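Report on the following structure.
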2 protein chains.
Amino acid sequence: MADVFRALDDETRRLILDELVARNGQTLFEICGVLVSRHGVSSTRQAISQHLAVLEEAGLVVTERRGRSKFHYFDGGPLTAITRRWPATGRDPS
Amino acid sequence: MADVFRALDDETRRLILDELVARNGQTLFEICGVLVSRHGVSSTRQAISQHLAVLEEAGLVVTERRGRSKFHYFDGGPLTAITRRWPATGRDPS
DNA sequence: AGGATAGGCAAGCGACTACTTGCCTATCAA
DNA sequence: TTGATAGGCAAGTAGTCGCTTGCCTATCCT
């Protein structure tokens with residue numbers, strides 16, 4: 001569970017999740033391209049690869065290898081643990 | 001929104017939220033005590049105070065001062081932004 | 001086979017973070 | 001007023017994180 005929060009604590013990784021939700025099953029190079037074009041993220045391919053590794057380790061991204069390409073899919077399953085641990089409602093200062 | 005993820009990316013801060021959910025409106029010293037007794041957290045009072053400041057800056061904790069005491073209340077409002085940004089459902093690897 | 005494409009591994013560096021230490025302010029009780 | 005309680009401020013330090021750089025492996029196409 002700590003991996004999920006660590007993975008979410010980075011703007012680039014959050015943007016990657018956004019792009020995977022918008023278009024699922026992208027490759028590393030596709031993600032690099034869309035991060036540069038739609039957001040001003042100017043990171044190297046290795047940086048994005050490491051981000052994807054963190055997201056995959058957290059279970060937020062599932063990969064599927066076909067040939068020399070690796071497709072990345074979003075998985076929001078681990079997110080349910082957050083609102084299951086703490087109520088997402090307001091406070092109660094009596 | 002980045003403050004929320006940064007605040008959640010720490011086990012001690014997550015434990016603090018747990019304890020505030022279990023018993024709302026605790027003071028700094030009470031939180032220090034319960035962190036030591038119920039979990040093996042051996043941090044100084046200042047460390048916990050800094051954690052509470054991070055949680056408060058993220059809006060996850062709301063404080064209320066009365067006299068020389070400061071009471072801390074959990075607020076799960078910022079958590080709704082998480083599942084509103086990404087679907088908390090499973091993947092779809094077609 | 002040879003080049004091009006898609007991705008992986010690992011070391012090094014700068015910045016940030018959690019934590020401690022030391023001292024200070026404010027409130028309450030005797 | 002004096003002491004004790006509850007908390008705040010700031011500097012220093014060790015460890016972690018994001019990123020780059022350089023090189024390597026695997027797959028596809030001609």
Side-chain angles (χ1 to χ4, degrees), chain A residues 1-20 23-37 39-58 60-73 93, chain B residues 1-20 23-37 39-58 60-73 93:
Chain A
M1 184 163 192
D3 294 333
V4 178
F5 292 110
R6 190 177 97 77
L8 291 177
D9 185 19
D10 187 275
E11 180 60 22
T12 302
R13 285 196 285 267
R14 291 193 291 267
L15 289 175
I16 290 176
L17 291 185
D18 288 338
E19 292 304 323
L20 285 183
R23 191 164 81 85
N24 220 2
Q26 298 192 56
T27 67
L28 170 60
F29 277 80
E30 288 174 330
I31 295 173
C32 286
V34 79
L35 283 182
V36 169
S37 62
H39 318 86
V41 179
S42 64
S43 295
T44 55
R45 173 183 58 86
Q46 286 81 356
I48 308 300
S49 178
Q50 288 170 3
H51 281 310
L52 286 171
V54 173
L55 288 169
E56 188 174 2
E57 197 173 1
L60 290 166
V61 162
V62 179
T63 62
E64 178 193 7
R65 188 134 207 183
R66 260 201 310 257
R68 61 180 164 178
S69 293
K70 189 176 180 183
F71 301 96
H72 301 264
Y73 301 93
Chain B
M1 184 162 190
D3 292 334
V4 178
F5 293 110
R6 189 178 96 77
L8 291 177
D9 185 20
D10 187 276
E11 179 60 22
T12 303
R13 286 196 285 266
R14 291 193 290 267
L15 290 175
I16 290 176
L17 291 185
D18 288 340
E19 292 304 323
L20 285 184
R23 190 164 82 85
N24 221 2
Q26 298 191 57
T27 67
L28 171 60
F29 277 81
E30 289 174 329
I31 295 173
C32 286
V34 78
L35 283 181
V36 169
S37 63
H39 319 86
V41 179
S42 64
S43 296
T44 55
R45 173 183 57 86
Q46 286 80 355
I48 307 300
S49 178
Q50 289 170 4
H51 282 310
L52 286 170
V54 173
L55 288 170
E56 189 175 0
E57 197 173 2
L60 290 166
V61 163
V62 178
T63 62
E64 179 193 7
R65 187 133 207 183
R66 257 199 316 253
R68 61 180 164 179
S69 293
K70 189 176 179 183
F71 302 95
H72 301 264
Y73 301 93

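What you see is a predicted model, and the numbers here were worked out from it, not measured in a lab. Each chain gets a letter, A, B and so on, in the order the sequences are listed, and its residues count up from 1.
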* Asked: Taking OP1 and OP2 of dC19(C), is either one under 4.0 Å from a side-chain nitrogen or oxygen of Thr44(B)?
  -> no

* Structure fact -> Walking DNA chain D from its 5' end, the first of Leu28(B) and Ala47(A) to be reached, judged by nearest nucleotide, is Leu28(B)

* Asked: Does the dG7(D) base have a donor-acceptor partner in the side chain of Arg65(B) within less than 3.5 Å?
  -> no

* Would you indicate what Ser42(A) reaches in the nucleic acid, counting non-hydrogen atoms under 4.0 angstrom: base, sugar-phosphate, or nothing? => sugar-phosphate

* Counting just side-chain N and O atoms, does Ser49(A) come under 4.0 Å of either OP1 or OP2 of dG7(C)? -> no

* Asked: Can you name the one residue among Arg45(A), Arg23(A), Lys70(A) that meets salt bridge (charged side-chain N to carboxylate O under 4.0 Å, His left out) with Glu30(A)?
  -> Arg23(A)

* Asked: Gln46(A) side chain: which of dT20(D), dG7(C), dC23(C) is closest?
  -> dT20(D)

* Taking the side chain as C-beta and beyond, is there a heavy-atom pair between Leu28(B) and Ile48(B) under 4.5 Å? -> yes

* **Any donor-acceptor N/O pair under 3.5 Å between dT20(D) base and Gln50(A) side chain** => yes

* Rounded to whole angstrom units, what separation is found between the CD1 atom of Ile48(B) and the P atom of dA6(D)? -> 16 Å

* To do: Starting from P on dG8(C), measure out to CD1 on Ile31(A) and report it in whole angstrom.
  => 11 Å

* Side-chain N or O of Arg45(A) less than 4.0 angstrom from OP1 or OP2 on dT20(D)? -> no

* Asked: How long is the line joining CD of Glu56(B) and P of dG7(D), in whole Å?
  -> 13 Å

* Whole angstrom value for the distance that separates P of dC17(D) from CD of Glu11(A) -> 19 Å

* Structure fact -> Whole-Å distance, Glu64(B) CD to dA6(D) P, equals 17 Å

* **Under 4.0 angstrom between Lys70(B) side-chain N/O and dA26(C) OP1 or OP2** => no

* Asked: Which of the following nucleotides, dG7(C), dC19(C), dG18(D), is nearest to the side chain of Phe29(A)?
  -> dG7(C)

* Structure fact -> Here the distance between atom P of dA18(C) and atom CG of Asp9(B), to the nearest Å, is 8 Å

* Asked: Is a donor-acceptor contact shorter than 3.5 angstrom present between the side chain of Arg68(A) and the base of dG8(C)?
  -> no

* Asked: Does Arg6(A) place a side-chain N or O at less than 4.0 Å from the phosphate oxygens OP1/OP2 of dC17(D)?
  -> yes

* Glu30(A) CD - dA6(C) P separation (whole Å) -> 9 Å

* To do: Examine distances only and state if a side-chain atom of Ser37(A) and a backbone atom of Gly33(A) form a donor-acceptor pair shorter than 3.5 Å.
  => yes

* **The single option from Glu56(B), Arg13(B), Arg14(B) passing side-chain hydrogen bond (donor to acceptor under 3.5 Å, both in side chains) against His51(B)** => Arg13(B)

* Figure out the CZ/P separation between Arg66(A) and dG7(C), and round it to whole Å. => 12 Å

* Gln26(B) side chain to Glu19(B) main-chain N or O, any donor-acceptor pair under 3.5 Å? -> yes

